[in-house]
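What follows is a short report on a single structure.
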Amino acid sequence: MKNDVLPDLTERYSDKKISREEASMAVPYNHRAIEQKWRKNWSEHPINENDGTKEKYYCLDMFPYPSGNGLHVGHWRGYVISDVWSRYKLMQNYYVIHPMGWDAFGLPAENYAIKMGTHPAKSTAENVAKIKEQIQEIAAIYDWDMEVNTTDPAFYKWTQWIFVQMFQKGLAYEKEMPINWCPSCKTGLANEEVVNGKCERCGADVTKKNLKQWMLKITEYADRLLSDLDKLDWPEKVKKMQSDWIGKSHGAEVVFPIEGKEEGITVYTTRPDTLYGATFMVLAPEHALAKELATDDTRAAVEEYIYQSSLKSSVDRLQDKEKTGVFTGSYAINPLNGAKTPIWLSDYVLADYGTGAIMCVPAHDDRDFAFAKKFGLPIVQVIAKDGVEMEDMTEAYTEAAGTMINSGEWNGMESSELKAKAPEMIEKKGFGRKTTNYKLRDWVFSRQRYWGEPIPIIHCPTCGAVPVPEEELPLLLPDVDSYQPTGTGESPLAGIASWVNTTCPKCGASAKRETNTMPQWAGSSWYFLRYVDSKNENALVGREKADKYLPVDMYIGGVEHAVLHLLYSRFYTKFLCDIGVIDFDEPFQKLFNQGMITGKNGIKMSKSKGNVVSPDDLVREYGCDSLRLYELFVGPPELDSEWDDRGIEGVYRFISRFFHLVMENKDKAAEETKELKKIRNKLIYDITTRLEGFSLNTVVSGFMEYNNKLIEMSRNGGVDRQTLEAFVQLLAPFAPHISEELWQELGHDASVFSESWPVYDPKAMEDDEAELAVQINGKTKATVTLPKDCAKEEAIARGKEALGDKLKGTVIREIYVPGRIINIVAK
RNA sequence: GCCGGCGUGUCGGAAUUGGCAGACGAGGCAGACUCAAAAUCUGUUGGCGGCAACGUCGUAUGGGUUCAAGUCCCAUCGCCGGCACCA
């Protein structure tokens, strides 16, 4: 709240329209006054202090990039969920680490700046200020002393430092190769940033461009990134997406000698059991041997094919349709049976997976089958499907199940067994080896854009690539007039001669700086480590604090980062663990993905669609507490939900009614009846178990249900103080302002957050009797109230009595489930 | 194409994991208060039949298991998400 004038709490009329009846009540629910009062109070008396004795709990939001559009109600939801969880942990007596910061480098920020015609440094700072103000409206318990900003030199010093460490360990290397290039963003992209052949950011078709790039050897961690998924309490969906992305497969490399040449072609296969069925080979057009294998007759066609393939965009190449290819004129020898197999080129073989060459078994692979059919190549079946050899195959049989045929000494073996054993058998025979492969590729880490961390490397003609010495970090991003992307494959930084030209830190000769910048993921891959020691000038994070406060216990954010940010962060964490900066190798113990909030009909909120709902007006009209509750009530937190403004009325009414319930009963000194005691314990039980299960929408409906019940009780005698207090405590993480206010009204000086989370007494919850449904043949015909431990005979008799003359025919079976149901089966 | 997830009133969604389907809320309808509206409060609100007690149908569709199915099994349809020539 920006206002410093605090309205009088007894003020009769809030901004919300108020009736004469309501105005005549003792004190109306004035959300504005209450919320302002408690914001001020919390800023003066913090409720989450680290007294050094409590156990820590680290609850983290995925930090936002400061967009110019501000927050909408969808962003709010994630932050509300994490704050509810943080406050709950607070009331379980943890010291809660709940920080917030800004992922401010990268394309979105830069593109926005270009669009607005401002310098990204300026527009980013403005946007941060604006969004920070909006985020503060949530009234989360963020510790702003921990705030980080990836564009702050004191922060990106360490982003650069990590890069230097990786370089020194050989994990950052330069390579010239065709990489994914977005012609619209005018920069190279990582594999993870290409979605269906399009740029993840802007949706433009991605092309290939040959560029010298910095790469990070994430593949070196492929195995650990895969196997350590088992350690994590993450949604199965996300784990599966990561494991698919890493894509480990088991198989063999087999060397096929080339007829008339010394060397051979190495292929990778996961189906060595089908080796006898390999009737031809295909190399990727980019394969090193491609040109060499052409004969005088085929040379022109081969070169033309290679040239044409190089022109194709990755989208064209993906959109399979017809297989294309060209025969090289050369033959390889199947090492197992000496058969002569023609060598072809085709762009359906990927250059950068396996060895870039495959053996083709058309009888048992769909793609090879299509290729063989198109070019009239022989098809040899080597696995009998359902025990039979087919006359003429109409499609490939791709399963590894069946008896081997046409396979020399392997005939009669079971295909699945052979598949497992073949790699070792091949290795023994000396023409190949057992091996594994990954879909995961090394991470293209250079961006030809301005708004990112400069890569701290100096290129020296004699010493090669030399890292900027640690004492010279941070290497500042130079100020520049023209920060627009050049599109030439060079970064805008290349145009600043005074910055580019420098001397080699090793030999002192004149040298040039690396001009590419880091991708937007660089800062976000480790920022969560920095929060707990954000002002440390001597280390990325002090070891003592790291040991005490890390890793993250609960990470909350959208599912869109399942393979980008979350994979990169795991990689960085493992690396930093390996070099001894930290002592753990998984950053996020538990992950929760909240669903998206959409507009009507599930349409994503966007400015261009005009369906963006801003939280600001809703906070003004209904208050922060109401919006917090409604964000949760709108639907299960893990699913997408359609936003409907009207629904917030419901939670507002609930809060008002609860407010009046407490105000009317607080001084009544109503007695704690057995029934009230039962209600209270059930309330605590229900709210706690639903909260633990992250079923936050039903927590809110639970509050409403119990509130309705208590209003009823209030009319018939009143509600005791203990029950009111328990309710207020349970409500506190969800609607903190009203809870503090009512806690005070109930006569407490200290904050409600200094209370421990209420506990329930299972015995007090138990009902002595229960209403059971009485069914005939599974259809409910009556109900009967029975003591909880009623014996079967008695229960059946009472059930029959309740049924009266509805029960006809002969009873053939009687079922009694105590506390649940009586079912009489009659004929 | 492959792999996941989902399908419940007018709408958002509940359902103790096999035990009274539709909690809670929105919206609608009716009433109280009001000159009137808003707000508030009360009642009502799945379909069909009936004045009614009640009957009957009903959780995408078709089948199955069970005393009992929204929940389990099989098949089909539809929607959403991920991967997509990875050999």
Side-chain angles (χ1 to χ4, degrees), chain A residues 16-25 195-197 236-238 240-241 244-245 247-249 251 267-271 274 278 282 317-321 323 346-350 352-361 364-368 370-371 398 437-441 559-560 562-563 600 602 629-630 633-636 638-651 653-654 656-657 660 686 689 695 697-708 771-783 806 812-817 819-826:
Chain A
K16 183 91 186 136
K17 288 174 196 153
I18 276 182
S19 67
R20 263 148 290 166
E21 280 85 349
E22 199 178 342
S24 70
M25 283 177 191
V195 180
N196 291 326
E236 286 307 315
K237 185 186 164 186
V238 176
K240 176 133 200 326
M241 280 167 75
D244 286 351
W245 189 261
K248 185 175 186 174
S249 69
V267 300
Y268 172 69
T269 178
T270 56
R271 292 297 302 277
T274 63
V282 177
R317 246 177 112 150
L318 281 174
Q319 274 162 3
D320 68 285
K321 307 288 183 286
K323 296 251 182 298
S346 174
D347 64 7
Y348 84 89
V349 173
L350 304 175
D352 56 353
Y353 179 77
T355 61
I358 59 170
M359 65 174 209
C360 295
V361 185
H364 303 289
D365 183 281
D366 290 326
R367 297 148 303 185
D368 299 348
F371 196 84
T398 57
N437 245 308
Y438 300 90
K439 290 189 194 177
L440 185 70
R441 311 286 149 88
V559 76
E560 66 273 15
V563 285
K600 214 56 223 133
L629 285 178
Y630 187 55
F633 189 57
V634 73
E638 70 281 9
L639 299 182
D640 293 353
S641 296
E642 282 179 30
W643 188 264
D644 181 355
D645 265 352
R646 287 178 303 189
I648 196 172
E649 295 275 355
V651 291
R653 283 180 198 132
F654 154 68
S656 303
R657 286 198 274 245
H660 293 126
D686 276 345
T689 50
S695 178
N697 53 327
T698 63
V699 168
V700 179
S701 70
F703 279 134
M704 290 171 168
E705 212 174 333
Y706 280 96
N707 187 43
N708 293 343
E771 194 186 57
L772 310 214
V774 186
Q775 302 181 328
I776 301 174
N777 297 331
K779 302 211 169 180
T780 305
K781 299 290 177 182
T783 56
K806 283 179 193 162
I812 46 178
R813 201 168 159 187
E814 289 159 342
I815 287 144
Y816 170 55
V817 183
R820 296 274 165 84
I821 209 149
I822 295 166
N823 190 11
I824 312 285
V825 186

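Fair warning: this is a prediction, and the values are worked out from it, not measured in the lab. By convention in this document, chain letters (A, B, ...) are assigned in the order of the sequence lines, proteins followed by strands, and residues within each chain are numbered from 1.
At the heavy-atom level, A:Glu642 lies nowhere under 4.0 Å from the strands shown. Contacts of A:Lys240 with the nucleic acid, taken as non-hydrogen atoms under 4.0 Å apart, involve only primed sugar atoms and P, OP1 or OP2.
In this structure, A:Arg657 atom CZ and B:C24 atom P are separated by 12 Å, rounded to whole Å. Per the geometry, CG belonging to A:Asp365 stands 15 Å off P belonging to B:C2, to the nearest Å. Whole-Å rounding puts the A:Glu638 CD to B:C80 C1' distance at 15 Å. A:Glu771 has its CD atom 17 Å from the P atom of B:G19, to the nearest Å. Taking atom CD on A:Glu814 and atom P on B:A68, their separation rounds to 16 Å, with Å as the unit. A straight line from NE2 of A:His660 to C1' of B:U40 spans 10 Å, rounded to a whole angstrom. Rounded to an integer number of Å, the gap from CG of A:Leu772 to P of B:A68 is 19 Å. Put simply, CE on A:Met704 is 10 Å from C1' on B:A26, counting in whole angstrom units.
Annotation: B:C80 and B:G18 have their C1' atoms spaced 28 Å apart (nearest Å). The C1' atoms of B:U34 and B:U44 are separated by 23 Å, rounded to the nearest whole Å. The P atoms of B:A60 and B:G50 are separated by 29 Å, rounded to the nearest whole Å. Taking atom P on both B:U71 and B:A21, the two are 13 Å apart, rounded to the nearest angstrom. Taking atom C1' on both nucleotides, B:C57 is separated from B:G9 by 14 Å, rounded to a whole Å. Separation of the C1' atoms belonging to B:U42 and B:U61 is 42 Å when rounded to the nearest angstrom. Spacing of P atoms, B:U16 relative to B:U65, comes out at 25 Å, to the nearest Å. The C1' atoms of B:A15 and B:U59 are separated by 11 Å, rounded to the nearest whole Å.
The base of B:C85 sits with one of its N or O atoms less than 3.5 Å from a complementary donor or acceptor on the side chain of A:Lys323.
Within the 4.5 Å cutoff, the side chain of A:Phe654 has no heavy atoms near those of the A:Val700 side chain. Counting heavy atoms from C-beta outward, A:Val361 and A:Thr269 have side chains that stay 4.5 Å or more apart. Taking the side chain as every heavy atom from C-beta outward, A:Trp643 and A:Tyr630 approach each other to under 4.5 Å. Here the side chains of A:Leu772 and A:Ile821 are not in contact, with every heavy-atom distance at 4.5 Å or above. The shortest side-chain heavy-atom distance between A:Phe371 and A:Cys360 does not fall under the 4.5 Å cut-off. A 4.5 Å side-chain heavy-atom check between A:Arg441 and A:Asp352 finds at least one atom pair inside the cut-off. A 4.5 Å side-chain heavy-atom check between A:Arg657 and A:Arg653 finds at least one atom pair inside the cut-off. With a 4.5 Å cut-off on side-chain heavy atoms, A:Met704 and A:Val651 count as touching.
Out of B:A26, B:A87, B:G81, the shortest distance to the side chain of A:Val349 is found at B:A87. Checked against B:C24, B:A87, B:C67, the side chain of A:Val825 finds its nearest nucleotide in B:C67. When distances run from any side-chain atom of A:Gln775 to the nucleotides B:G19, B:C24, B:C85, the shortest one goes to B:G19. With B:C85, B:C57, B:A87 as the candidates, the nucleotide lying closest to the side chain of A:Lys779 is B:C57. Side chain of A:Thr270, nearest nucleotide from B:C20, B:A87, B:G25: B:A87. Distances from the side chain of A:Met241 to the nucleotides B:A84, B:C67, B:G82 place B:G82 closest. Each of B:G13, B:U56, B:A87 was ranked by its minimum atom distance to the side chain of A:Lys781; first place goes to B:U56. Looking at the side chain of A:Lys237, the nearest of the listed nucleotides B:A87, B:G81, B:G82 is B:G81. The side chain of A:Asn823 sits closest to B:G19 out of B:G81, B:A87, B:G19. The side chain of A:Ile821 lies closest to B:C20, out of B:G81, B:C20, B:G27.
Syn is the conformation of B:U17, whose glycosidic angle sits no further than 90° from 0. With its glycosidic angle within 90° of 0, B:G9 is assigned syn.
Base pairing of B:G1 is made with B:C83, judged by Watson-Crick or G-U wobble geometry with both donor-acceptor distances under 3.5 Å. Within the shown strands, nothing qualifies as a pairing partner of B:G22 under the Watson-Crick or G-U definition with both distances less than 3.5 Å.
For A:Glu638, the side chain to side chain contact (heavy atoms under 4.5 Å, CB included) partners are A:Phe592, A:Pro636, not counting sequence neighbours.
Mapping A:Ile815 and A:Thr269 onto RNA chain B by nearest heavy atom places A:Ile815 closer to the 5' end of the strand. In this structure, A:Val817 and A:Ser641 both approach RNA chain B, and ranking their closest nucleotides by distance from the 5' end singles out A:Ser641.
Between A:Ser249 and B:A87, a side-chain N or O to OP1/OP2 separation shorter than 4.0 Å is present. Distances shorter than 4.0 Å separate some side-chain N or O of A:Arg653 from OP1 or OP2 on B:A26. Taking side-chain N and O atoms only, A:Asn697 has a distance below 4.0 Å to OP1 or OP2 of B:A14. The side chain of A:Arg820 contributes no N or O atom lying less than 4.0 Å from OP1 or OP2 of B:C20. Residue A:Tyr353 places at least one side-chain N or O under 4.0 Å from the OP1 or OP2 atom of B:A87. Residue A:Arg646 has no polar side-chain atom (N or O) positioned under 4.0 Å from OP1 or OP2 of B:G27. The shortest distance between the side-chain N/O atoms of A:Asn707 and the OP1/OP2 oxygens of B:C24 is not below 4.0 Å.
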